[in-house]
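So the structure is just underneath, and the comments pick up after that.
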Amino acid sequence: MRMDAKIEGAAAAAAGEALSVAGVTVRFDGLAAISGVTLRLAPGEIVGLIGPNGAGKTTLVNVLTGFQKPTEGGLEIDGRSALGWSPAKVRRAGVARSFQAGRLFGKLSVLENAQVAAIAAGLSLRDARARAAEVLDRTGLGGQLGQIAGSLPYTDQRRLDIARALASRPKYVLLDEPAAGMSDSECEDLMRIIRGLPGSFGCGVLLIEHNMHVVMSLSDRLHVLDGGRTIVTGTPAEVQADRAFLTAYLGAEGVE
Amino acid sequence: MAVPANLPLRAAGLPALLIAGLGLVTLPVSLFAPPGVETFWTEILVRIILVTGFYIFIGNSGVFAFGHVAFACVGGYAAAWLSMNPMFKQIMLTGLPHWVQTLQLSPWAGVAAAAVMAALVALVVGAAIVRLSDIAASIATFAFLVVVNRIYSNWDSVTGGVAPLTNIPQFGSIWPTFLFAALALLTAYLFQRSRWGLMLKASRDDDVAALATGISVYRMRLAAFVLSAAVMGAGGAVYTYFLGILTVDVFYMGLTFLMLVMLVVGGAESLTGVVAGVIAVSTVAQILRLAEQGVQIGGTRLALPLGLQEITLGIFMVLVLVYRSDGITRGRELPLPRFLKANADAR
């Protein structure tokens with residue numbers, strides 16, 4: 001199933017379908033958070049975005065989702081420039097995200113959290129409800145539809161955040177540290193869900209993650225940021241062998 | 001997953017229950033109660049309309065708007081302009097256009113017109129106000145209340161200034177007021193269960209995530225603002241037709257304070273809280289009002305000092321905020337009886 005999606009994904013990429021930034025720079029008060037970053041995400045692939053704290057990962061995600069207007073550079077969704085679009089408009093064009101801090105709709109039920117995302121994508125109350133139930137079922141929350149989101153245990157909140165992102169059938173989904181704070185067994189569970197996303201939803205996944213085990217085993221390609229600049233891109237194997245990557249992660253002494 | 005048929009009437013279990021409860025009190029009141037009690041209960045029904053108006057915006061958006069009584073003022077005067085005896089209008093309100101001066105609509109049409117007028121004002125004002133962040137929006141709505149009060153107090157040729165307007169027809173029965181209260185509750189309920197209501201509630205819980213979910217927070221807030229203003233406008237008109245007399249200061253700080261106490265005490269995030277808050281606070285306020293009037297025992301008159309009513313209500317609100325910050329209903333709705341619950345859950 002995943003292979004099919006990959007082939008579809010490759011076809012889509014050939015047809016110019018992708019979420020991409022080119023030469024993006026974001027400056028806050030003259031200080032560059034990211035500079036000259038170019039990244040491309042096609043439907044059907046999983047791209048890992050890694051880098052030490054302060055490398056500019058979240059800024060890049062904010063640019064990709066319309067929350068941050070870049071100082072320089074371009075943002076394109078499927079060949080159309082999306083520069084200056086509102087977050088809501090970017091979302092309707094097919095780019096969804098999850099949040100580091102969860103940011104659920106705390107007083108709504110689990111079902112309503114996912115339902116409202118489908119409604120915002122233009123579905124009727126009833127169709128949205130059906131789709132939400134389906135997505136929640138696939139992310140393992142099917143048994144807790146009526147529960148108030150704010151009362152869920154931590155790991156379920158992370159899963160609901162992902163389910164909510166998926167409920168609008170996005171073409172691209174950006175997951176911001178989904179495994180943060182999870183135990184090993186909870187990680188395995190989450191990895192199974194993420195690995196299945198391109199196959200079951202046909203979407204491209206940009207995975208921002210500190211957990212190296214998770215990122216290395218899920219990603220087709222990696223994009224490493226440090227100090228706001230791209231230092232390496234390539235397959236997990238290529239990146240792990242790269243000197244710049246090792247320096248960024250282990251420090252200069254670690255390489256000696 | 002099977003989704004059972006979703007007939008609006010079957011899904012409307014909660015307002016049906018609240019309305020039935022209110023009707024159950026209204027019936028004996030209309031048949032047997034002395035005029036004082038009937039007035040007390042009618043006032044409760046009017047307040048339910050007004051607090052529901054507050055609730056539609058505050059409860060769903062989470063933005064505390066202090067100025068909604070201004071829309072009741074707009075509605076109240078619209079009702080007076082349209083329904084007052086034309087003779088008095090031509091003498092007192094010389095600034096009104098001639099066609100309004102000669103008009104005398106029934107209270108029913110007056111309430112509808114008041115709702116429309118308040119909604120139009122809200123559309124213009126709201127377009128600016130709901131763009132603001134939470135605290136700024138709250139302050140702006142308060143400023144709006146002051147502006148409306150000043151205009152209506154001083155535009156003598158159109159509003160009669162601070163002088164009371166009289167010769168306004170009355171409903172003559174408690175039932176029209178009951179009907180409008182029921183309508184307000186139903187409107188609020190249908191809105192909070194609609195697509196727009198759900199999107200607005202999502203933005204209340206987290207506006208950043210709502211934007212990331214593709215929700216236009218601005219549009220949802222504006223919709224709720226206009227709808228709540230329409231309900232407030234209707235409430236102001238119903239109040240005016242209940243009193244038969246209109247003064248501008250009826251719709252100002254005092255009423256705002258009372259409405260907010262009711263909303264906070266009942267629980268700003270449930271419709272059940274609206275009804276519970278209005279009844280609880282009205283009852284306490286009524287007891288205190290009677291105590292301020294005092295009782296005659298023999299030759300001496302025992303009475304509480306004037307002003308104690310507001311002080312006690314203030315303390316009441318603080319106590320509720322300290323011990324039950326989400327109101328006496330804890331933001332929850334009335335538990336439905338089983339035969340209704342099955343349908344409501346299956347939305």
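Numbers restart at 1 for each chain; the letters A, B, ... are given by sequence-line order, proteins then strands.
Among the candidates A:K107, A:E134, A:R97, the residue making the largest number of heavy-atom pairs closer than 4.5 Å to chain B is A:K107.
A:I119 and B:L198 get closest at one heavy-atom pair: CD1-CD2, 3.6 Å.
A distance-only check finds no donor-acceptor pair linking the side chain of A:R91 to the backbone of B:I215 [under 3.5 Å].
Partners of B:F57 according to the ring-ring contact (aromatic ring centres under 6.0 Å, His included) rule, which considers only residues two or more places apart in sequence or in another chain, are B:H68, B:F225.
In this structure, the separation between CD on A:Q115 and CZ on B:R195 is 10.0 Å, given to the nearest 0.5 Å. Atom CZ of A:R92 sits about 11.5 Å away from atom OG1 of B:T213, to the nearest 0.5 Å.
Within 6.0 Å of atom OH in B:Y323, 12 or fewer heavy atoms from other residues, nucleotides or ligands are found, so the atom counts as exposed in its surroundings. Within a 6.0 Å radius of CZ in B:F142, no more than 12 heavy atoms belonging to other residues, nucleotides or ligands are found.
Residues of residues 199-211 of chain B placed with any heavy atom under 4.5 Å of a heavy atom in chain A are listed by number as B:M199, B:K201, B:A202, B:R204, B:D205, B:D206, B:V208, B:A209, B:A210, B:L211.
With a 4.5 Å cut-off on non-hydrogen atoms, A:S124 touches chain B through its backbone but not through its side chain. For A:A96, no part lies near chain B; criterion is any non-hydrogen pair under 4.5 Å. Contact annotation for A:R103: both backbone and side-chain heavy atoms come within less than 4.5 Å of a heavy atom of chain B.
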